[in-house]
Amino acid sequence: MQIEQIFKNNEKWISEKLALDQHYFENLSKGQDPEILYIGCSDSRVSAEEIMGVQPGEVFVHRNIANLVNNVDLSVMSVLNYAVRQLSIKHIIVCGHYYCGGVKAAMKAEDLGILNPWLRNIRDVYRLHKEELNAISDENARYNRLVELNVQEQCVNLIKTAAVQQAYKQRSITVHGWVFDIHSGKLIDLKIDLPKILANIMEIYSLE
Ligand code: CO
C-alpha cells in the first residue's frame, strides 16, 4: 500500500461523513462518552471497530499482542483505569481470535527475545489449564482452546484490579470474553461464567 493513498482515503472519508452530517467532526470534537472498553489483539486482521460495526466515539480501545491484561503492563493498566474510573464505561470486552500468532508462538519451544516475557503470560495460561489442553490430541483444536482459555484468564486478570472490583460492586460493570473467528468473520461470546470463577478466587484477590 502506498502511504499517499492513506491521505486520499482520509479525504474521501471526511467528505462521506460530512455529506451525511455537516456537524459530524464538530460534534466528535466535543468529547467522548464510550460505554465499552475493548481489549484485543494487535493482529491486522482483527480491526476492533470494523468487526463490531461501531463508530468513532463508541468504544475505547486497547490492543496488544495476544490481548493480554498483564498486571504490570503500565499501558493496559492505564487504559483500564482511565476507562473504568474516568470514562465510567459499562462493559469490558476481552476479544481474542483464532489463528493468533502470539498464542501460536507461546506453544512452541523457541527463543523470541524481547517477546519471551510477554508470551510467558500465555505459557502460564497453558500451565493453569495443562490437564484440559494436553487431553486434546488434535493440535489445531488445542491451539483454538488455548486462544479461548487465554481470553478467560485475561478476564480474570481484569477482576484482580482494584478499579474493576470497585466498579463491579458499585455499578455492576460487566466483563465479556469473546473470540473472533477469522475464518468465518464471526464474533463468538465465550459466555465465561465470571461469578462462578470469582467465587473461587476472590478470597485470594479481593482488595476491599
Ligand atoms: Co493475535
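All values below were derived from every heavy atom in this structure, side-chain atoms included, with hydrogens, water molecules and symmetry-related copies excluded. Order of listing sets the numbers, starting from 1, for every ligand and every atom in it.
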Can you confirm whether [X] is buried at [atom1], in the sense that more than 12 heavy atoms of other residues, nucleotides or ligands lie under 6.0 Å from that atom?
X	atom1	answer
Glu50	CD	no
Ile204	CD1	yes
Gln5	CD	yes

- Ignoring water, what protein N, O or S atoms are under 2.8 Å from the Co ion (ligand 1)? Cys41 SG, His97 NE2, Cys100 SG
For the backbone of [Y] and the side chain of [X], can you confirm whether one donor and one acceptor N or O come within less than 3.5 Å of each other?
X	Y	result
Trp178	Ile93	no
Asp181	Tyr98	no
Thr161	Leu158	yes

